[in-house]
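Below: one structure, written as structure tokens.
Here the structure is a predicted model, which is why all the values come from computation and not from measurement. Letters A, B, ... are given to chains in the order of the sequence lines, protein chains preceding strands, and every chain is numbered from 1.
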Amino acid sequence: MTATDHKAQEIVLRLDRITKRFGALTANDAISLTLARGEVIALLGENGAGKTTLMNILFGQYTADEGQVEVFGKPLPPGNPRAALAAGLGMVHQHFTLADNLTVLENIQLGTVPLWRAALGQAKARAKLAQLAADFGLGVDPDARVGSLTVGERQRVEILKALYRDARILILDEPTAVLTPQESDALFDTLRRAVAKGLSIIFISHKLHEVMALSSRVVVLRHGKLVGEVETAGTDRHALAAMMVGAEVTPPAVTPITPGPALLTLREVSTPSIGAAPGLNAVNLALRAGQITGLAGVSGNGQAALSDLISGLISPQSGSLEGVGRMRWSSRAAIAAGIARIPEDRHKTGTIADFSLTENAILETYTQAPYSRWGLMNWHAAEEQTRHLIETYDVRCPGPHGPIRQLSGGNMQKLILGRVLDAAPRIILANQPVRGLDIGAISYVHSQLLAARNAGAAVFLISEDLDEIMALSDVVHVISEGQLSPEFQRGEKTAAELGLWMAGQGFDRAA
Amino acid sequence: MLFDILLTASFWAAAVRIASPLIFATMGELICERAGVLNLGIEGIMVIGAFSGWMAVYLGMGLWGGVAVAMLAGMLFGLLHAMLTVPFGLSQHVVGLGVTLLATSTSYFVYRLILPEVTSPPKITPFQPLEIPYLVDIPLVGPALFAQTALTYAAFAVVVITAVTLYRTPLGLAIRAAGENPGAVAAQGLSVTGLRMGAVIVGSGLMAVGGAFLTLSAFSSFFFEMVNGRGWICIALVVFGAWRPGKALLGALLFAGFDALQIRLQQTPVGQVVPYQMFLMAPYILSILALILMSRRAQVPAALMQPFNKGER
């Protein structure tokens, strides 16, 4: 073996039969893994497969019951985050560990200077940061308050934080879950530069096309076990999906049905813009019974305004809504009109984290019988309903009493889905219903939306994922700068053609 | 009439004097809150500071010895507060009010134990004004700023030290981060518990020195109710100052200015007509107005009053 060969094979990280048990649950079952210098491994697995547990062991947040970790040939002391940082591991968490009211520079410097040193040495830090930013294409203003940055910029700060500590191994936990497609592309560019500089990367993701695009090797976890390890070049999305869920995944079958009458019609509706986000500009839209209407578009082009309008949070500035009764338009009127919502952000607007499953399950109906009568809650009925939802919608949870924040994203979404669908609504507003979910949960949500459509509901599906829109929708609209494209029938336009509309072309000719 | 008062050196000197105890205690509270702990023990800790400092001097210690004793007593109650709120994560409201009640009644109790018979409290010789040569001759500003006691100068020094520490040192950065996102601090392998407890203990020491100013510099003896809500004012001053030392100092001077002004206005012809209670109310009303105007966009430390438990989601 020559010297260069040896260098190419240099193992930077070795996990040896890592096992971690939480009570009866084995979260990691004898997982062994090696990472070579300059290599990108994608760690693939459904929610609860044990990916995050494994990474937390690596970072000393948990201590493994068995097995050990070696970094650059040296064993890593367990349960010690500082040792992991010092050994050259850098982690970009899914939920950023940044302080909003501090500046970018302060966030990056935190913990890098000994506490009792007299000065922070900001000038030096600033120079190092500028160098890193230039090297890795991570431009961000060091004096900006983190709270004023976009999600994509915050992620850059997290990556810079790891690089600033001279991390040689980067671990990213679902880095694209919160990014727009453009931001994801920029992130991938950065990661490729990092690999070119000899860093190694472990990349945790659900999104198969990203895994295919970025990684050199894919490691699949299922129920805490390592079930597959393949070279990316020798596999495809279909095979990976099958490995991940342990069975073949078939996309939901959409059988054509004849749509019913329009249940909600928007005529020439305009709304004012909200900050940088555009409002609606003379939008015409008809949501018909037994039909899924898809809304494609790059995020921040008026989707928020349209979704807020339909859920009654804002009223039209001009134009009219038809089919919603004569109440003054409000979220109450929207609920009365039979509009049910799957909100975009299940943590912020979909649920109350510290409330129990029961309380969350009746969040929209608690004023109605049987959940309350004469101003008194009937918790018995509420709990009964929650048990029914848990069973019907396969929510994996300890029971109806625990706080909902303990649930994984997929199970939380299933409960929201149950809350929405169980009332058999006339109109369903599904705003990014599968964002951040794994394949199993995604196909479940999709099949439930299709079932609702087959039962005669009008489904309005908003998504930034064009594949999802094209797979599910009977008719598609594209939104760009607050303008809505004409209605396209299923199969009428190719993805490339819709992409042009998303970029704003076609609107002039239509107008 | 108003201008006559504003043009007297004694008014400005009084404002700075009245502000001094507020400055110490406000800085103490600010340090606690920046680390994420609301310290409602402040009122009681000022009482114990006022009492213990004075008692130490009465029993024969020097004035600076009294200050040190007051500080230690404050830190002791700070330790109690920190133990209960940080590692145990109890409600900061309940613990704070409890510490205030405990510290206040402990002071009164020990006072009665040591001086069971006295009706009027004995006097000590307090800090005397120290004139700073040349600077004291500047009109208005000179007597106001440069003819104060050593403890007042110390108060201003504390503001500078607090500001520099918070904004220019790694320790200050870690303290601020602990009050903004303790998770980020723990992720760097630093101890949130240690930082927060340290901040509460040091902050409480400063509050007690604020209390001691009353007995060792402003007046010469200790009497019940002498702190008289100053601690609560300091809580408001921290908000008024948007958790920044410089702005909080400004707030303390402003409040003290109103207070010095109302005393003088009582002696003018207006004071003959308007009941004196109205004047006593004035600084508080003006402070509330200033608070409303100044603090609407203040950035509250994001993790203020949130206990931090390692390993919890």
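- A:Gln109 touches chain B through backbone and side chain together, each having a heavy atom under 4.5 Å away.
- Between B:Leu171 and A:Trp116, the shortest heavy-atom distance links the atoms CD2-CZ3, 3.5 Å.
- The nearest pair of heavy atoms linking A:Ala99 to B:Glu180 is CB-CB, 3.5 Å.
- Looking only at side-chain heavy atoms (C-beta outward), A:Asn107 and B:Asn181 stay at 4.5 Å or farther from each other.
- B:Ala302 and A:Asn101 get closest at one heavy-atom pair: N-ND2, 4.3 Å.
- Within 6.0 Å of the CZ atom in B:Arg244, the count of heavy atoms belonging to other residues, nucleotides or ligands does not exceed 12.
- Two residues are said to be in side-chain contact when any heavy atoms from C-beta on lie closer than 4.5 Å; A:Leu102 and B:Arg176 meet this criterion.
- To the nearest 0.5 Å, atoms CD1 (A:Ile108) and CG (B:Leu173) are separated by 11.5 Å.
- The OH atom of B:Tyr167 lies 12.0 Å from the CD atom of A:Gln122; values are rounded to the nearest 0.5 Å.
- With a 4.5 angstrom heavy-atom cutoff, B:Val300 touches chain A only via backbone atoms.
- Chosen from A:Leu98, A:Asp100, A:Leu115, A:Asn80, the residue pairing most often with chain B at heavy-atom distances under 4.5 Å is A:Leu115.
- The one candidate from A:Thr112, A:Leu85, A:Thr97 that meets the side chain to side chain contact (heavy atoms under 4.5 Å, CB included) condition with B:Gln188 is A:Leu85.
- Counting only heavy atoms from C-beta outward, the side chains of A:Leu110 and B:Val185 approach each other to under 4.5 Å.
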